[in-house]
Amino acid sequence: TNESGTDTKTLVITVAQANQVITFNTLSGKTYGDASFSLNGTSTSGLALTYSSSNTAVATISGNTVTIVGAGTTSVTASQSGDANYFAATDVSQDLVVAKANQTITFNTLSDKNDTDGSFTLAATASSGLPVSYSSSNTSVVTISGTTATIVAPGTTTITASQAGNDNYNAATSVDQSQTIINTSLVNQTITFGPLSPVTYGDGTFTLNGTIDSSLAITYVSSRSEEH
């Protein structure tokens with residue numbers, strides 16, 4: 001105590017940094033091709049979170065926006081490094097699973113071709129933008145190399161368009177189209193078959209006398225065989 005009966009003391013108060021906890025919920029599954037989406041983790045401190053992706057071939061992150069890059073799995077980590085008032089938070093990670101996308105093939109009906117026609121191009125497309133492959137069920141009629149179909153002989157073949165998929169797309173359901181190659185060496189022929197004279201039950205058999213300009217044999221069929 002000094003002469004006036006007073007005294008001055010200095011009291012030092014130390015305020016420690018507080019802990020903080022991150023809340024970052026499970027991420028719902030996505031499919032390749034889905035739009036970008038936002039991450040909504042929070043910290044008890046109210047400080048902003050930062051995010052990182054363990055596999056940038058699957059997803060990249062800018063701020064709190066996730067952009068899907070490919071199918072697969074990545075671990076998304078939410079972090080908060082703290083400040084003068086808060087310690088760094090314990091990181092929280094959640095897996096993001098991105099499934100392969102489906103794709104469909106568009107392969108339109110094929111018009112008939114003559115056996116004298118040249119090669120032609122097949123033009124099926126896949127919704128994925130991936131190239132389509134083709135096969136011919138009867139290579140004695142049509143062969144295929146790449147997208148080019150080559151006519152071999154008259155007949156019918158089934159051309160199948162396929163897309164096997166890749167890292168980001170499932171295989172497409174194949175699409176079949178029939179391709180007919182017309183034999184141009186064939187010539188038309190005409191049958192002459194005049195009206196038949198009435199007959200009576202009990203009459204004997206009689207001969208049909210149709211003619212054809214090709215000299216080939218004619219066959220006959222009755223629509224009511226039980227009456228003849």
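Ser174 and Thr160 form no side-chain donor-acceptor contact under 3.5 Å, judged by distance and modelled atom types alone. Of the N and O atoms on the side chains of Gln179 and Thr157, not one donor lies less than 3.5 Å from an acceptor on the other residue. For the residue pair Asp95 and Thr73, no side-chain donor N or O sits within less than 3.5 Å of a side-chain acceptor on the partner. A donor-acceptor contact closer than 3.5 angstrom is absent between the side chains of Thr116 and Asn114.
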Trace of the side chain to side chain contact (heavy atoms under 4.5 Å, CB included) decision for Gln17 with Tyr86: CA-CA 5 Å; Gln17 289 174 295; Tyr86 287 93; 5.8 Å; no

Given side chain to side chain contact (heavy atoms under 4.5 Å, CB included), test Lys30 with Val97 step by step and report yes or no. CA-CA 6 Å; Lys30 299 292 182 178; Val97 178; over 6 Å; no

Under the side-chain hydrogen bond (donor to acceptor under 3.5 Å, both in side chains) criterion, do Thr67 and Ser36 qualify, and how do the steps go? CA-CA 5 Å; Thr67 299; Ser36 299; 3.2 Å; yes

Does the pair Phe24 and Val76 meet the rule for a side chain to side chain contact (heavy atoms under 4.5 Å, CB included), with working shown? CA-CA 10 Å; Phe24 183 34; Val76 177; 3.8 Å; yes

Would Thr77 and Ser93 count as a side-chain hydrogen bond (donor to acceptor under 3.5 Å, both in side chains) here? Give the steps. CA-CA 4 Å; Thr77 300; Ser93 297; 2.7 Å; yes

Side chain to side chain contact (heavy atoms under 4.5 Å, CB included) assessment of Leu130 paired with Asn166: CA-CA 9 Å; Leu130 296 173; Asn166 65 3; 3.5 Å; yes

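Val141 and Pro154 get closest at one heavy-atom pair: CG2-O, 3.9 Å. Shown here for Ala59 and Val66, the closest heavy-atom pair between the two residues is CB-CG1, 3.8 Å. Looking at every heavy atom in both residues, Tyr51 comes nearest to Ala78 through CE2-CB, 3.7 Å. Listed here is the closest heavy atom pair of Ser185 and Asn183: OG-OD1, 2.5 Å. Taking every heavy atom of both residues into account, Tyr169 and Asn102 meet most closely at CD2-O, 3.9 Å. When all heavy atoms are compared, the tightest approach of Val98 to Gly70 is CG1-O, 3.4 Å.
There is a path of hydrophobic side-chain contacts, each under 4.5 Å, that joins Phe120 to Val175. A continuous path of ILVMFWY side-chain contacts below 4.5 Å connects Phe193 to Phe206, so both sit in one hydrophobic cluster. Tyr220 and Leu216 fall into different hydrophobic clusters, where Ile, Leu, Val, Met, Phe, Trp and Tyr side chains are chained together by heavy-atom contacts under 4.5 Å. When the side chains of ILVMFWY residues are joined at heavy-atom separations under 4.5 Å, either directly or via intervening members, Val92 and Ile61 end up in a single hydrophobic cluster. Under the 4.5 Å side-chain heavy-atom criterion for Ile, Leu, Val, Met, Phe, Trp and Tyr, Val58 and Leu39 are members of the same hydrophobic cluster.
In this structure, Ser214 OG and Leu186 CG are separated by 11.5 Å, a value rounded to the nearest 0.5 Å. To the nearest 0.5 angstrom, Ile68 atom CD1 is 5.0 Å from Asp34 atom CG. Atom CD of Gln163 is separated from atom OG1 of Thr173 by 11.5 Å, given to the nearest 0.5 angstrom. Between the CD1 atom of Ile151 and the CG atom of Asp117 there is a distance of 5.0 Å, given to the nearest 0.5 Å. Residue Leu27 holds its CG atom at 5.5 Å from CD of Gln94, rounded to the nearest 0.5 Å. The distance from atom NZ of Lys113 to atom CG of Asp115, rounded to the nearest 0.5 Å, is 13.0 Å.
Of the residues listed (Asp176, Leu110, Val142), the one engaging Thr158 in a side chain to side chain contact (heavy atoms under 4.5 Å, CB included) is Asp176, and it is the only one. Each of Thr148, Thr143, Thr150 was checked for a side-chain hydrogen bond (donor to acceptor under 3.5 Å, both in side chains) with Ser119, and the lone residue meeting it is Thr150.
Taking a 6.0 Å sphere around CG of Asp203, one finds it holds more than 12 heavy atoms contributed by other residues, nucleotides or ligands.
The main-chain N or O of Ser43 is never found under 3.5 Å from a side-chain atom of Gln80 such that the two would form a donor-acceptor pair.
Annotation: side chain to side chain donor-acceptor pair (under 3.5 Å) contacts involving residues 52-64, sequence neighbours excluded, comprise Ser53-Thr74, Ser54-Thr74.
Residues Ile159 and Leu122 meet the side-chain proximity criterion, which asks for heavy atoms closer than 4.5 Å.
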